[in-house]
There are 2 protein chains.
Amino acid sequence: MPTHKKKYPAPAIRLGTLLRRPYRRIRERFYEELARGGHPHITPAHSAVFRNVAPGGSRISDLAAEAGITKQSMGYLVDVLARRGYVELRPDPADGRAKLVFATKQGVTAVRHLSRQSRALEQRLRKAYGDAWVNDLRAKLERLDAFLEDTLRH
Amino acid sequence: MPTHKKKYPAPAIRLGTLLRRPYRRIRERFYEELARGGHPHITPAHSAVFRNVAPGGSRISDLAAEAGITKQSMGYLVDVLARRGYVELRPDPADGRAKLVFATKQGVTAVRHLSRQSRALEQRLRKAYGDAWVNDLRAKLERLDAFLEDTLRH
DNA sequence: TAAAATTGACAGAGTATCTGACTATATGCA
DNA sequence: TGCATATAGTCAGATACTCTGTCAATTTTA
């Protein structure tokens with residue numbers, strides 16, 4: 001390392017990078033663990049389904065809108081999960097065009113596996129840095145997202 | 001809010017979700033803006049190249065390792081960027097097997113476009129919430145990533 | 001009830017990733 | 001020195017996830 005005073009300070013890591021790095025780590029680890037736990041075919045893309053599927057069933061169109069992808073893409077993800085037995089499709093009694101997506105027992109199990117990992121990680125984090133630290137990080141991330149929603153309007 | 005004590009508190013948003021949401025917003029917006037700025041073919045995947053390419057040139061193998069993808073995948077990304085004129089390949093004078101990837105003028109321009117957006121966003125954030133707030137968020141995210149690196153060991 | 005909108009599917013395509021096998025070159029050791 | 005092994009990058013093929021365009025069935029609206 002040079003000992004003379006630097007003219008240009010090292011550029012700060014970008015905010016996006018600071019978010020991406022821990023996000024990727026968590027995602028990779030959790031889905032590897034889920035695979036080891038008996039669900040090797042569930043990928044992060046599928047959580048676009050699980051995240052939003054309602055206990056009383058959800059329409060593909062609604063799931064697509066919530067996940068921010070096309071109906072066709074959501075249809076594909078739902079189809080894969082249905083073949084694997086993670087969700088079930090039933091006709092919507094209220095609308096002859098629509099189908100309702102329900103999580104099966106196996107689907108719920110997989111979701112719980114991920115939730116459990118998330119809770120465990122957070123506990124470890126609270127133990128290491130304290131509740132205030134974690135609560136503040138959470139609060140700041142929520143605030144950041146709200147700020148972006150307002151600021152990055154189209 | 002109900003005043004009676006809740007038996008089941010609303011489950012907290014997962015940490016991964018708190019990271020993912022702002023990350024996705026930033027990423028989508030920045031690359032849309034980059035497209036409007038004359039670089040419609042640059043996608044987030046390509047930043048795996050730009051992020052790590054050294055001023056003196058980088059090997060595909062090294063770029064792959066740094067990005068955490070296979071040599072073949074990195075080769076593909078580099079090939080796309082080379083065809084579009086964002087990077088240039090030259091033989092490595094020190095190793096007859098290797099090629100060195102360099103960013104072209106156009107590549108540097110694209111990278112700067114993204115950096116500029118990142119700086120602008122951060123400035124807005126500092127104006128809205130103050131330097132301390134942003135610095136603390138940054139520090140916590142760095143700490144989180146370091147914690148994950150240690151904790152999520154294989 | 002006729003027109004317009006919505007739901008989901010089908011067909012076709014593109015991007016980004018992977019694994020396996022290969023060539024050419026470099027490195028290390030006997 | 002020369003052979004064995006490791007490394008750099010490519011080729012071929014496959015898979016996952018996403019898109020656009022189109023369509024039939026159905027529901028909603030005017």
Side-chain angles (χ1 to χ4, degrees), chain A residues 20 24 27-28 31-32 34-35 39-54 57-84 86-102 110, chain B residues 20 24 27-28 31-32 34-35 39-54 56-84 86-102:
Chain A
R20 191 189 65 248
R24 286 282 165 87
R27 195 181 66 173
E28 265 152 48
Y31 282 86
E32 276 168 20
L34 183 65
H39 304 279
H41 300 103
I42 304 303
T43 70
H46 299 139
S47 67
V49 182
F50 289 134
R51 256 201 297 282
N52 299 308
V53 87
S58 298
R59 292 184 180 188
I60 289 177
S61 295
D62 293 342
L63 291 176
E66 286 160 337
I69 60 177
T70 60
K71 287 192 297 178
Q72 293 93 321
S73 297
M74 181 52 73
Y76 165 78
L77 294 173
V78 165
D79 186 57
V80 170
L81 289 176
R83 283 173 202 280
R84 297 280 182 191
Y86 288 88
V87 300
E88 211 174 62
L89 288 160
R90 301 185 214 144
D92 184 345
D95 188 333
R97 297 166 303 178
K99 295 173 183 178
L100 292 176
V101 183
F102 292 84
Chain B
R20 191 188 65 249
R24 288 282 165 85
R27 194 182 68 174
E28 266 154 46
Y31 282 85
E32 276 169 19
L34 183 64
H39 304 279
H41 301 104
I42 303 303
T43 70
H46 299 138
S47 66
V49 182
F50 288 133
R51 255 202 297 281
N52 299 309
V53 85
S58 299
R59 290 184 180 190
I60 288 176
S61 296
D62 294 342
L63 291 175
E66 286 160 337
I69 61 177
T70 61
K71 286 192 296 179
Q72 294 92 321
S73 297
M74 182 52 73
Y76 164 78
L77 293 173
V78 165
D79 187 56
V80 170
L81 288 177
R83 284 172 202 280
R84 296 282 182 192
Y86 288 89
V87 300
E88 210 173 64
L89 288 161
R90 300 185 216 145
D92 184 345
D95 188 333
R97 297 166 301 177
K99 297 173 183 177
L100 292 176
V101 183
F102 292 84

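Residue numbering restarts at 1 for every chain, and letters A, B, ... go by the order of the sequence lines.
Contact annotation: B:Thr43 does not reach the phosphate of C:dT15 (side-chain N/O to OP1 or OP2, under 4.0 Å). Between B:Ser61 and the phosphate of D:dT7, there is no side-chain N or O to OP1/OP2 separation shorter than 4.0 Å.
Here D:dA6 presents its P atom at 17 Å from CG of B:Asp95, a figure rounded to the nearest Å. Note: CD1 (A:Ile69) to C1' (D:dA16) measures 13 Å, nearest angstrom. Whole-Å rounding puts the B:Met74 CE to C:dT15 P distance at 17 Å. Straight-line distance from the CG atom of A:Leu63 to the P atom of C:dA9: 12 Å, rounded to whole Å. When the C1' atom of D:dA16 is taken as reference, atom CZ of A:Arg84 falls 12 Å away, rounded to whole Å. Between the C1' atom of C:dT15 and the NE2 atom of B:His41 lies a distance of 12 Å, rounded to the nearest Å. In this structure, A:Arg27 places its CZ atom 16 Å from P of D:dA16, rounding to the nearest Å. Atom-to-atom, CG of B:Leu100 to P of D:dG9 comes out at 8 Å; the value is rounded to the nearest Å.
The base of D:dG9 lies close enough to the side chain of B:Lys71 for a donor and an acceptor atom to sit less than 3.5 Å apart. Checked by distance alone, B:Arg97 brings a side-chain donor or acceptor within 3.5 Å of a matching partner on the base of D:dT7.
Counting any heavy atom pair closer than 4.0 Å across all strands shown, A:Ser73 reaches a base atom. B:His46 comes within 4.0 angstrom of the backbone, heavy atoms only, and of no base.
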Next item on the list: Carefully, step by step, assess A:Leu34 and A:Tyr31 under the rule side-chain contact (heavy atoms from CB on, under 4.5 Å).
Entry: CA-CA 5 Å; A:Leu34 183 65; A:Tyr31 282 86; 4.1 Å; yes

Checklist line | Criterion side-chain contact (heavy atoms from CB on, under 4.5 Å) on A:Leu81 and A:Ile42, from CA distance to verdict | finding: CA-CA 8 Å; A:Leu81 289 176; A:Ile42 304 303; 3.6 Å; yes

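With a 6.0 Å radius and a threshold of 12 heavy atoms from other residues, nucleotides or ligands, B:Arg27 has its CZ atom above the threshold.
Taking the side chain of B:Gln72 as heavy atoms from C-beta on, and the options C:dT7, D:dC11, C:dA9, the nearest nucleotide is D:dC11. Comparing C:dT7, C:dA9, C:dT19 against the side chain of B:Thr70 picks out C:dT19 as the nearest. Distance from the side chain of A:Arg59 is smallest to C:dG8 among C:dG8, D:dT18, C:dT17. Of the candidates D:dT18, C:dT15, C:dA9, D:dT18 carries the atom nearest the A:Tyr76 side chain, counting heavy atoms from C-beta on.
Comparing B:Leu89 and A:Ala48 by the nucleotide of DNA chain D whose heavy atom lies nearest to each, the residue mapping closer to the 5' end is B:Leu89.
B:Arg59 contributes atom CZ, which lies 6.5 Å from atom CZ of B:Arg97 (distance to the nearest 0.5 angstrom).
Aromatic pair A:Tyr86/A:His41: centroids not less than 6.0 angstrom apart.
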